[in-house]
Amino acid sequence: MLTTRRRAVATAVALAGTLLLASCGGSDSGGSDGKTLKLWHYEGPDSAMGVAWKEAIKEFEAKHPGVKVKFEEKGFEQIQKTAPMVLNSNDAPDIMEYNKGNATAGALSKQGLLTDLTAEATKRGWDKEISGGVRTISQYDADGVMGSGKWYGVPNYAEYTMVFYNKDLFKKYGVAEPTTLDELTAAMDKFVAKGITPLANAGAEYMAQQYLYQLALSKADRSWVDKYELYKGKTDFHDAAWTYAAETFADWVKKGYISKKSTGTKAEDAGVSFIQGKSPILFSGSWWYGRFQTENKFAWDTFLWPGSNLTLGSGGNLWVVPKAAKNKELAYDFIDITMSKKIQNLLGNKGGVPVAADPAAITDPQSKSLIAHFNALSGKDGLAFYPDWPVAGFYDVLVSETQKLITGSEKPDAYLSALQKAYDKGLPKT
C-alpha cells in the first residue's frame, strides 16, 4: 500500500551535473567506500515483507564480508512526500522501497531521479520471473506511464485487496458470514443495530478512497480501468460506476457502516482497531496479512469483494535505485537476494504474495489460501491497480475530497466534479 500506503509527488528540480552518476559498473564515485549499503523501506517488522527483507539483509551481509547494510525505517507518507527532494540530493539512499504507478515511480523516472534497471533485469533474470500485471508496474515510458519502456523498479511480491472479517465477532452477534454483497450489507446492518460500526476506516490516508474505488470497480470492466489508469480513452467521473461508488459510499456513512469520526483516522489506527477486535470488518490489502497472522487473537478469515470481477491490486511496491545512489552494484545484489527462492519462500509462508517462490515450499494453510486467491484474480485479469495512480498529486486530492464525503460537507456530484477537475489537470499533455 498499496499502495500502496501511498502517494503524492512534488515537482523536483533538474538534476545537477554532479548527480548524473553512471548507472552501470561497480560503486559510483562521489563519497562511496563500497562498504555500506544504505537502504530505506517502510514495511512493518511483523509484516511478511518486513520479515523477509530482514532475512535478506542477513543473507546480503553474509555474502558480502565487510559490507554493512545501513537500514533506515521510514514512514510511507514520509517517503511519499520527500522522495523527489531527497533523491535530488547527496542524502539519497542506495536502494529504497517506493510506490508504483504513474504518479509516483513514473513521475520520478520522468524527472531523471531513478536508475534504468533494464540491463540488470535482463542479466539477472528478473524479467523472466516477473510477468503479467505484476510486470506492468516495473516499466515506464518517456512520459512516466507504466506498462512499457525501461525498467525502473523491481517488485519482489504482489498485493491485492480483500475483506478481512472477525469470525468470532460474527458468531458472537449471530451475524452470518457473507458470500454476496447483499449478505455483506445485511451483516453490516446487524452490527449497526447492535451499536457497532462494522467497517474499520482511515479517512486521513488511503483506506477510505480504496473503499470508494472498489465500489466503482464492482460496476466497471477492464476497458474502464485502462481508460482511467493508462489513458486509453476519456475518463468520465460522472459515469455509472463512479456515480454509484460516490453515492453508495455516502449512503454507507449515513447508515453508520463507516464512522463520520474516521476522517482523521490513519491506516494504522484502522488496522489496530481490527486487531483489537473493535471493528468486525476491514477492507484493505494483503500487506496486512502477515501482521494479522501474528497479532490477531481471534478467528478470522478473508474473502474477495463480492459481486466484482475486479479489485485493487498489482505487483507490490518497487525496489528502486536512485540515480544518485553511490553503491549501485550492491543495490542490484540486494534486489537479487530478495528474488531468491529462500527469501521468496519465506515471504510466502509469512503471509506475503511472492512472485518467484517454489509453490511446494509454501506450507502455511492461510498463506496458501492467500496466494490461491491472488492467482485466481491474476488469472482472470482482475487486478485494477489503485485510484491515486493516474496523475501526480491525485492521492492528496482523493484524501481531502473523500474526507468531505465522510463529513457530508460535499455531495457526491460535487465530489465527482472535484475529482474530474484534478484528474484532467494532471493528465499528460499531448
Side-chain angles (χ1 to χ4, degrees), residues 101-103 133 136 147 160-163 178-189 198-199 201 203 206-258 281 283-284 303-314 377 380-391 394-395 397-427:
N102 302 342
T136 299
Y160 67 99
T161 53
M162 67 203 81
V163 180
T179 58
T180 67
L181 185 60
D182 286 344
E183 289 178 359
L184 176 60
T185 54
M188 292 192 292
D189 283 332
L199 297 178
N201 183 48
Y206 61 86
M207 204 171 285
Q209 60 188 255
Q210 292 187 358
Y211 275 110
L212 196 140
Y213 187 53
Q214 179 59 68
L215 287 168
L217 291 175
S218 69
K219 302 294 183 182
D221 59 17
R222 175 54 57 184
S223 65
W224 184 95
V225 174
D226 288 347
K227 288 177 184 177
Y228 178 61
E229 299 280 1
L230 301 176
Y231 319 136
K232 295 182 178 180
K234 181 174 173 55
T235 289
D236 177 10
F237 281 86
H238 290 279
D239 67 11
W242 281 112
T243 300
Y244 166 79
E247 291 180 348
T248 301
F249 185 89
D251 184 55
W252 282 12
V253 174
K254 290 178 183 177
K255 288 181 175 177
Y257 299 170
I258 294 170
I281 303 169
F283 174 70
S284 195
F303 54 88
L304 297 176
W305 191 271
S308 179
N309 290 321
L310 297 167
T311 195
L312 297 80
S314 69
L377 270 174
K380 65 179 183 181
D381 195 23
L383 300 176
F385 312 125
Y386 294 88
D388 58 289
W389 280 14
V391 299
F394 206 44
Y395 176 79
V397 173
L398 283 165
V399 168
S400 61
E401 293 298 325
T402 307
Q403 285 175 321
K404 295 174 187 176
L405 208 55
I406 295 171
T407 63
S409 62
E410 191 166 71
K411 300 300 181 186
D413 187 66
Y415 169 82
L416 295 172
S417 293
L419 297 191
Q420 186 80 62
K421 181 179 179 181
Y423 179 89
D424 288 348
K425 182 179 179 180
L427 287 174

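As the structure is a computational prediction, the values presented were derived from the model and not from experiment.
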Problem - Centroid separation Tyr213 to Tyr386 less than 6.0 Å - result: no

Fill in the blank from the handout: Tightest non-hydrogen contact, residues Pro198 and Gly256, listed as CD-O, 3.5 Å

Handout entry: Tyr423 and Tyr228, any side-chain heavy atoms less than 4.5 Å apart
Key = yes

Handout entry: Side chain to side chain, Leu215 and Trp305, heavy atoms closer than 4.5 Å
Key = yes

Handout entry: Distance in Å, Phe249 CZ paired with Leu212 CG, rounded so as to fall on 0.5 Å steps
Key = 6.0 Å

Practice task
Kindly write out the residues that satisfy salt bridge (Lys or Arg N to Asp or Glu O under 4.0 Å) with Lys404, not counting sequence neighbours, or none if the list is empty.
Solution key: Glu401

Practice task
Would you sort out whether Leu304 and Thr161 count as a side chain to side chain contact (heavy atoms under 4.5 Å, CB included), showing the intermediate values?
Solution key: CA-CA 8 Å; Leu304 297 176; Thr161 53; over 6 Å; no

Exercise for the section: Starting at CG of Leu181, measure out to CD of Glu183 and round the result to the nearest 0.5 Å. Expected result: 10.0 Å

Handout entry: Pair Thr311-Met162, side chain to side chain contact (heavy atoms under 4.5 Å, CB included): steps then yes or no
Key = CA-CA 8 Å; Thr311 195; Met162 67 203 81; over 6 Å; no

Practice task
Could you check Tyr415 against Leu405 for side chain to side chain contact (heavy atoms under 4.5 Å, CB included), going step by step and ending with a plain yes or no?
Solution key: CA-CA 7 Å; Tyr415 169 82; Leu405 208 55; 4.0 Å; yes

Problem - Side-chain touch Tyr231/Leu427, heavy atoms, less than 4.5 angstrom - result: yes

Exercise for the section: Report yes if the side chains of Val253 and Tyr257 come closer than 4.5 Å at any heavy-atom pair, otherwise no. Expected result: no

Problem - Spacing of CG belonging to Leu310 relative to NZ belonging to Lys380, to within rounding of 0.5 Å - result: 8.0 Å

Practice task
Answer yes or no: is there a side-chain heavy-atom contact under 4.5 Å between Trp252 and Met188?
Solution key: yes

Practice task
Let me see the working for Tyr211 and Tyr206 under side chain to side chain contact (heavy atoms under 4.5 Å, CB included), right down to the final yes or no.
Solution key: CA-CA 9 Å; Tyr211 275 110; Tyr206 61 86; over 6 Å; no

Fill in the blank from the handout: In short, Asn201 meets Ala208 closest at the heavy-atom pair OD1-CA, 3.3 Å

Exercise for the section: Can you run down the side chain to side chain donor-acceptor pair (under 3.5 Å) pairs that involve residues 236-248, sequence neighbours left out, and say none if there aren't any? Expected result: Trp224-Asp239, His238-Asp413, His238-Ser417

Practice task
Please lay out, stage by stage, how Asp189 and Lys255 fare under the test salt bridge (charged side-chain N to carboxylate O under 4.0 Å, His left out).
Solution key: CA-CA 8 Å; Asp189 283 332; Lys255 288 181 175 177; 5.6 Å; no

Handout entry: Contact check, side chains of Pro390 and Phe385, non-hydrogen atoms, under 4.5 Å
Key = no

Problem - Distance, nearest 0.5 Å, that separates CD of Glu229 from OG of Ser314 - result: 9.5 Å

Handout entry: Nearest-0.5 Å distance that lies between atom CG in Leu383 and atom OG1 in Thr136
Key = 9.0 Å

Practice task
Taking the side chain as every heavy atom from C-beta outward, state whether Val225 and Leu217 have any atom pair closer than 4.5 Å.
Solution key: yes

Exercise for the section: With the side chain counted from C-beta on, respond yes when Asp381 and Asn309 share a heavy-atom pair under 4.5 Å apart, and no when they do not. Expected result: no

Fill in the blank from the handout: When rounded to the nearest 0.5 Å, the distance separating NZ of Lys232 from CZ of Arg222 is 9.5 Å

Handout entry: Flag if over 12 foreign heavy atoms under 6.0 Å of NZ, Lys254
Key = no

Exercise for the section: Grab the two heavy atoms, one from Lys411 and one from Gly408, that are nearest each other, plus how far apart they are. Expected result: NZ-O, 4.5 Å

Problem - Closest contact, heavy atoms only, Ser284 versus Met207 - result: OG-CE, 3.9 Å

Problem - Check against side chain to side chain donor-acceptor pair (under 3.5 Å), Asp182 and Thr180 - result: CA-CA 5 Å; Asp182 286 344; Thr180 67; 5.3 Å; no

